[in-house]
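Note sheet for the following structure.
Just so it is clear: chains get the letters A, B, ... in the order the sequence lines come, proteins before strands, and each one is counted from 1. Quick caveat: nothing in here was measured; it's all calculated off a predicted structure.
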Protein chains: 2
Amino acid sequence: MNTETSISTEEAILVAARKVFELKGFDGARMQEISDRAGINRALLHYYFRSKDKMFERIFDEALERFMPLLSTWDQDPDESWELKLKRFVRTFITFLKANSMLFLLREIIRKPDLLTSRTKKYRKGLNKFVLYFERLKLEGQIRSDLDSRHIYIIIYSLCSFPLMNAIVFSYSLRISTKEYDELMAGYPEIISNLLIQLLKHQNN
Amino acid sequence: MNTETSISTEEAILVAARKVFELKGFDGARMQEISDRAGINRALLHYYFRSKDKMFERIFDEALERFMPLLSTWDQDPDESWELKLKRFVRTFITFLKANSMLFLLREIIRKPDLLTSRTKKYRKGLNKFVLYFERLKLEGQIRSDLDSRHIYIIIYSLCSFPLMNAIVFSYSLRISTKEYDELMAGYPEIISNLLIQLLKHQNN
DNA sequence: TTTACTTTTAACAAGATTGTTAAAACACTA
DNA sequence: TAGTGTTTTAACAATCTTGTTAAAAGTAAA
C-alpha cells in the first residue's frame, strides 16, 4: 500500500467532504461536488469510503469526537475557582465553535434523530458533569442557590453557541459584514464571562 | 373555481409541506412524502404550486412573514417601561418559537445564502430598531452604558432562540424526555427576563 | 525489464425524483 | 339530464444521482 499518496488523497477527500456536508447538509451534498473540490475522480470517493453514507458517518463521528469532550471538562483542576473555570470554558468553547460547525451536527440530528441516540453513547456519561458541578457549587454556597443548574447549563451554552451559529443572520440584521461581525465578536467571550459571573454571584439585594 | 375544496386541499398541502420541509430541509424533502402526508396524489402538488421550488418559496416566505415582525416591536408603546417591554418580548418571542421552527429558516439560509439577501429586503428597515432602542435607553441613563447595544441584541436573541432550537440536544444531554424538557422550560421566559433586567440595570459596585 | 500491487479513470447500470399530460371523476348550473 | 369547468389520478418521460466495474496508469521491488 502506498501510504504516501493514499493518505493525502484520503485527507483531501475528507477536507472537501467536511466542507460540502457543512454547507449543504447530507441531502444537499453531491458526490460530484465533493470530488470536484478534492480535485479527483468521483469513483475514488467510493474506492476510499465505499458509499456516501459511510463517508458521512466518518465525518459526523469525527465532528462528535472533537465536540463532545468540550462538554465535559468541568471536573478537572479542582483547585481552579469557578470563575476562572467559567472564563476558560467560554473562551475554549467559542474558539472551538469558530473552527467547527455545530450547526452541522444539529441539522443532521434533526434530519435523522437516530444519529443522536446511536452514535453518542460513549459520550453520554460525561454530559451531566456540568450540572453536577454547579449543583456542588450551590451546595457549597459559592454561587446563588435560587437558579436551577439545568437552566444555568442551558444559558451558558446558548450564549456561547448561538452567536456563532447564527452569525450570518446577526450580521445581516446588524447591517455589518461578516468581517465586521467577527471583529464585534472578538470581545464577546470576555463580556459574557463577566456577565455570567455577575449573575451567578450571590445577590446583594 | 371551486373555492371550498381547493382551499382546503391547498391548505392541507401547505401544512404537510411545512412539516416535511422543517423536518428534512429542502433537499431532503420528497414531493411524495408531502403528498402522502396531505393524503393526495403527487401530481396535485404541481397542479397547485407548479414546482418544488415554488412551493418552498411560498413556505419560506410565509415563515419569514411570521418571523420578521417579531424582530422589530421595540418602538411601540413608548410609555411602557423597558423592563416590561423586555418581559413582554421574551414571552412573545419564545411562545412564537415553540410553534415555528427558526432552525428551518437558518438551515435553508445557510444552504442558499441568497435566500437571505433576496427575500428579506422589505423587513430590513425594521431590524435595527432594537439597537436604536437600547442606544436611546443608554443615552437616557435608564440602563448601564458600558455594554454595546449590539451585544445586548445578540445576547437576548441567543437566550430566547437557542434553548428551543437545540431542545433535542439539551434534553438528551440532560437525560430527560422532551416532555420533561418542555416542563423545565415553562419557567424559562420569566427567569431570563429577570436575569436580563438585572444585567442591564446600573451596577452598584 | 518484468511482475505484482495500488491508485485512478471512463463508461455504464440501476434506481430515484421531479415534472408533464391525457383522461377520469367530480361539482355545479342551465 | 346534458354541459361546462374544476379537481384528481395514473402513467409516462427526462433527468439526476449513486454505485459498480473493467481497464488504464502509476509505483516499487525482484
Most 5' of A:Arg30 and A:Ala43 on DNA chain D, judged by nearest nucleotide: A:Arg30
Aromatic plane relationship, A:Tyr181 with A:Phe170 - under 30° parallel, 30 to 60° tilted, over 60° perpendicular: parallel
Spacing of A:Ile34 atom CD1 relative to D:dT17 atom C1', expressed in whole Å: 12 Å
Atom-to-atom span, CZ of B:Phe56 to C1' of C:dT18 - whole angstrom: 17 Å
Pair A:Glu62 + A:Arg58, salt bridge at N-O below 4.0 Å: yes
Whole-Å gap separating P (C:dT9) and CD (A:Gln32): 12 Å
Between P of D:dT17 and CZ of A:Arg42, the distance in whole Å: 10 Å
Centroid separation B:Phe93 to B:Tyr157 less than 6.0 Å: yes
Nucleotide D:dG19, atom C1' - distance to CG of A:Asn41 in whole Å: 13 Å
Separation of atom CG in B:Asp27 from atom C1' in D:dT18, rounded to whole Å: 16 Å
Separation of atom NZ in B:Lys52 from atom C1' in C:dA16, rounded to whole Å: 12 Å
d(CZ, A:Arg50; P, D:dT20) in whole Å: 6 Å
Short side-chain N/O contact to C:dT18 OP1/OP2 from B:Ser51, under 4.0 Å: no
Below 4.0 Å: OP1/OP2 of C:dT8 and any side-chain N or O of A:Thr9: yes
Phosphate OP1/OP2 of C:dT8: any A:Tyr48 side-chain N/O under 4.0 Å: yes
Charged tip of B:Arg111 within 45° of B:Phe21 ring normal and under 6.0 Å: no
